[in-house]
Amino acid sequence: MADESAVANAQNYEDRVNKELLAQRQWIKDWGSLYAPDEPLDYFGKIAQLEERTKLYAHATAQSTNSDYGNYDKQYPEFKQKKVKKPDII
């Protein structure tokens with residue numbers, strides 16, 4: 001193993017990554033129809049199926065966890081915001 005080179009190691013790593021990326025597609029082709037018979041086996045069918053599912057959520061609005069920022073005093077009156085005096089900068 002003393003004769004290993006960086007190029008050979010990089011090629012081996014690239015081959016392993018490519019095999020991992022192809023493994024999912026191959027699994028779907030080989031076993032997908034047995035595991036999930038109602039699911040499409042090709043990517044275009046899967047995209048169409050997911051686009052149909054997104055129509056179920058067309059009415060939903062996106063909110064962040066910070067959407068209530070500044071309104072917490074109405075929701076939680078027991079918490080008061082601490083007023084901080086800003087230093088005078090000369």
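Just so you know, residue 1 is the first one in the sequence shown, and it goes up from there.
Connection of L50 to Y57 is not established within any shared hydrophobic cluster, with ILVMFWY side chains joined at heavy-atom distances below 4.5 Å, either directly or through further cluster members.
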field: CA sep, side-chain torsions, deciding dist, call: D42, K46, side-chain contact (heavy atoms from CB on, under 4.5 Å)
entry: CA-CA 6 Å; D42 63 330; K46 187 70 172 171; over 6 Å; no

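Interatomic distance, CD of Q11 versus CG of D15, reported as 4.5 Å (0.5 Å rounding). In this structure, CG on N9 lies 13.0 Å from CD on E14, to the nearest 0.5 angstrom.
Heavy-atom minimum distance, I28 versus L41: CG2-O, 3.7 Å.
For Y35, the OH atom is loosely surrounded, since the number of other residues' heavy atoms within 6.0 Å does not exceed 12.
Ion pairing between a basic and an acidic side chain is recognised when a charged N comes within 4.0 Å of a carboxylate O; E39 and R53 show such pairing.
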